[in-house]
Amino acid sequence: MRFSAAAMVRSWTSGLLLLLVLLSAGVLSCAGSSKCVGRDFGYGSVVCECNSTYCDSVGPVTLPPLGQYSTYLSSMAGSRLEVGQGQVQVNSSGAGECVCVCVCVCYSDVPFGFLSALRLTIRSEQKYQKIRGFGGAMTDAAAINILSLSAGAQEQLLRQYFSSEGIGYSVVRVPMASCDFSTRLYTYADTPGDYNLDSFALASEDTDMKIPLLQRAQAMSPQPLSLLASAWSAPAWMKTNNALTGKGSLKGKPGGKEHKTWAQYYIRFLQEYAKYNLTFWALTTGNEPSAGLLTNYSFQALGFTPWEQKDWVAMDLGPAVHSSSFPHTHILILDDNRLLLPFWAKVVLDDVHAGRYVHGVGVHWYYDNLVPAAISLGATHKLYPEYYLFGTEACAGWNPLDRGVKLGSWARAEAYAHDIMEDLNNYVVGWTDWNLALDQTGGPNWVKNFVDSPVIVDVTSDVFYKQPTFYSMAHFSKFLWAGSQRVGVTANKATRLEYTAFVRPDGSVVLIVLNRSSSPIQLEVQDPTVGNIPCSAPAHSLLTLAWNTH
Ligand SMILES: *[C@@H]1O[C@H](CO)[C@@H](O)[C@H](O)[C@H]1NC(C)=O
Ligand SMILES: *[C@@H]1O[C@H](CO)[C@@H](O)[C@H](O)[C@H]1NC(C)=O
Ligand SMILES: *[C@@H]1O[C@H](CO)[C@@H](O)[C@H](O)[C@H]1NC(C)=O
Ligand SMILES: *[C@@H]1O[C@H](CO)[C@@H](O)[C@H](O)[C@H]1NC(C)=O
Ligand SMILES: CC(=O)N[C@H]1CO[C@H](CO)[C@@H](O)[C@@H]1O
C-alpha cells in the first residue's frame, strides 16, 4: 500500500491541530497563573527559569469580595508569590486562643509571659506618604542582555516587569550616556569646546537598544512609565581632569560656561528622547556626586559638593528646565547614598533659590546599615516634608565580601525586602532597582564592577532566571499602586517581624510582612473596620496580605 502525499499532509495537519488544542487547553487551565520552574544552584533557594514559551506568573491580581482576604507568599523553602485566600473573622475571640496554642507548642521553652499571640493592628486613621512607583534601570548592559535573547524570550522578560501579568514596574531609570554598565566610554557631546552642543547626538546604545526596549515596555504597560534620567559624567572637555573617570568636577563656577552647557545638555537629552515619544517624569542632578570628589574613581563620575550642586541648580539647571519645553520635569537632588542625609539636603534645600526648583531627594542603598534610617531619611522628611524621598538605585552583589551573581540567594531577597520596608517606613515614595537584567557574570561592565540583578540571562540556552530578589520587588511593586498611602500598624508586643501597611486608592488594604528568622511565627492581623485575619509568617518568608474594606 502506498501513502499519497496529500494523505500524509492531512494526517500531519490533524495531528498538529490536536497538539495545538492540547497545548492551549493546558495553558487555559492555568487561568492566567502558572508555577515557577525552580532551579537550585546551591545559594539557599531557587531561581525560576523562563524561556521563549514559558514563564511563571500570578497574573493580574484581583481581590476577593469584602469579608475575605488574599495572601501571597514567597519563602526560602521555595514558594514564589504563592496565592492563598481565607475568611476574615469578625469579632472572633476563638482565633486568639488557637494562636496561643500554636505558639505554646512551638516555644515550650520560652517563659510564659511571652506567649500571648502577636497581633498587628492596622491604624488607617494614621496617614503618611503616598507611593509613586517601583522599577529598575535600562542600562546599556540591561539592554544588551535583553536583546541577546530570542524575540520570544525578550517578550516574556519585558512582560514580567511591565505588563499587567507582570510585577507592576512603572519607573525606569535611564542613564544619560555611558556608565560602568556600558561596554565603552562615551557621552553625547564628546567634541572638545562644543559649548553650543552642535555635535550633541544620542548613541547607538540609545537609538538601537534602550529606546526600542523602552517603547516596547511602554506599549505593554497599563500605565504611562515614569522615566528618570541620571548622568554619570559630563564630557571630558568640560571637566577639571579632562576625563570621564577619576576625580574631577566641572571647570569654572556655577553660572559659568561649563555649568550652563552641562545644564543645556540635560535639555538636549530630553529633546532627543521626546522625538521617540519618550518623555521623562524626572531627572537627577547626577549619579553619585560624591564619587568624583575624593578619590581617583575607577569609572564615570562627576564630582559635585552639595554647595556647588545648590548653586548649579539655582543658577543653571533649574532655570534651564523651567524655560525649556519640559518645565514640569521633576528635579531630584543627591542621587547618592542616604547616609549623606540630612546634611546634603540641608545645604541644597535651605537655599530658597535652589529649593524652589527641586521636587525630591534621590537615595542609593549602599552602606545603609551604617546609619539608621530614622536619622537620615526620617530626619530629612521632618525638616523638608514638602520634598519627597525616592530610592534611585540598589543592587545585590556589590560588596567585595559578597561579590557578583548568586543564583537563588535568599539572603539577597531578604536584604531587598528589608531595605524597601525600612525606606517605606521612613517616608520614601518609591524604590528603583539597578540593572533590569545582567548576564551570568553580572555584566557586561567595562571596569568589571560585576553585580547581581533580579533577572539573569543565559544566552546559550535562551533562558532567563528570575532571582529571589525579583519576587522581593514583586511583593511591593505589584501591590502598591501609585497613590497608595502608608498607614499606621501597631504590634501588641515587641517583635522582630518587619511590616508595613498601605491603603490603596480603591480603599483596599495591603500589609507586607517579612520574617528574616529561621522559625515560623503565628500572628493575627486586625483591621478594626473589617475583622481579624489569623495567619502565619513561615521562617525566612515574605508575605503580602490584601483585602477589600467595602
Ligand atoms: C520552556 O519551558 C517549559 C517549562 O519548563 C518547557 O516545557 C518548554 O519545553 C520550554 N520551551 C523551550 C522552547 O525550551
Ligand atoms: C506616545 O506615547 C503615549 C503613551 O505614553 C501614547 O498614548 C501615544 O499613542 C504615543 N504616540 C505615538 C505617536 O506613538
Ligand atoms: C587614576 O587611575 C587610573 C587608572 O586606574 C590611573 O591610570 C591614573 O594614573 C590614576 N591617576 C592618579 C592621579 O592617581
Ligand atoms: C465587633 O463587635 C463590636 C461590639 O459588639 C462592634 O461594635 C463592632 O462593630 C464589631 N466589629 C465588626 C468588624 O463586626
Ligand atoms: C523578623 C523575625 O525574625 N520575625 C520572627 C520570625 O519568626 C520567629 C519565630 O516565631 C520569631 O522569633 C521572629 O521574631
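When a residue number appears, it is its place in the shown sequence, counting from 1. No hydrogens, no waters, no symmetry mates; every other heavy atom, side chains included, goes into these values. Read the numbers this way: they start at 1 and go in the same order the structure lists the ligands and their atoms.
- The aromatic rings of Phe470 and Tyr161 sit tilted, their planes meeting at an angle between 30° and 60°.
- Taken from CG in Asp180 to CZ in Phe299, the straight-line distance is 4.0 Å, to the nearest 0.5 Å.
- Of the charged side-chain nitrogens involved, none lies within less than 4.0 Å of a carboxylate oxygen, so that Lys35 and Glu82 do not count as a salt-bridged pair.
- The cationic group of Arg486 lies under 6.0 Å from the six-membered ring centre of Tyr427 and within 45° of the ring axis, placing it in a cation-pi geometry.
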Residues 393-403, side-chain donor-acceptor partners within the protein, below 3.5 Å, at least two apart:
{"unit_1": "Glu393", "atom_1": "OE1", "unit_2": "Arg173", "atom_2": "NH1", "d": "2.7"}
{"unit_1": "Glu393", "atom_1": "OE2", "unit_2": "Tyr366", "atom_2": "OH", "d": "2.7"}
{"unit_1": "Asn399", "atom_1": "OD1", "unit_2": "Leu401", "atom_2": "N", "d": "2.9"}
{"unit_1": "Asp402", "atom_1": "OD1", "unit_2": "Lys406", "atom_2": "NZ", "d": "2.5"}
{"unit_1": "Asp402", "atom_1": "OD1", "unit_2": "Arg412", "atom_2": "NH2", "d": "3.0"}
{"unit_1": "Asp402", "atom_1": "OD2", "unit_2": "Arg412", "atom_2": "NH2", "d": "3.4"}
{"unit_1": "Arg403", "atom_1": "NH1", "unit_2": "Gly397", "atom_2": "O", "d": "3.3"}
{"unit_1": "Arg403", "atom_1": "NH1", "unit_2": "Trp398", "atom_2": "O", "d": "3.3"}
{"unit_1": "Arg403", "atom_1": "NH1", "unit_2": "Asn449", "atom_2": "OD1", "d": "3.4"}
{"unit_1": "Arg403", "atom_1": "NH1", "unit_2": "Phe450", "atom_2": "O", "d": "2.8"}
{"unit_1": "Arg403", "atom_1": "NH2", "unit_2": "Asn449", "atom_2": "OD1", "d": "2.9"}

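- Using a 4.0 Å cut-off between charged side-chain N and carboxylate O, Asp56 and Lys466 make a salt bridge.
- Protein residues having a heavy atom under 4.0 Å from any atom of ligand 1 are Val37, Asn51, Thr53, Tyr54, listed by chain and number.
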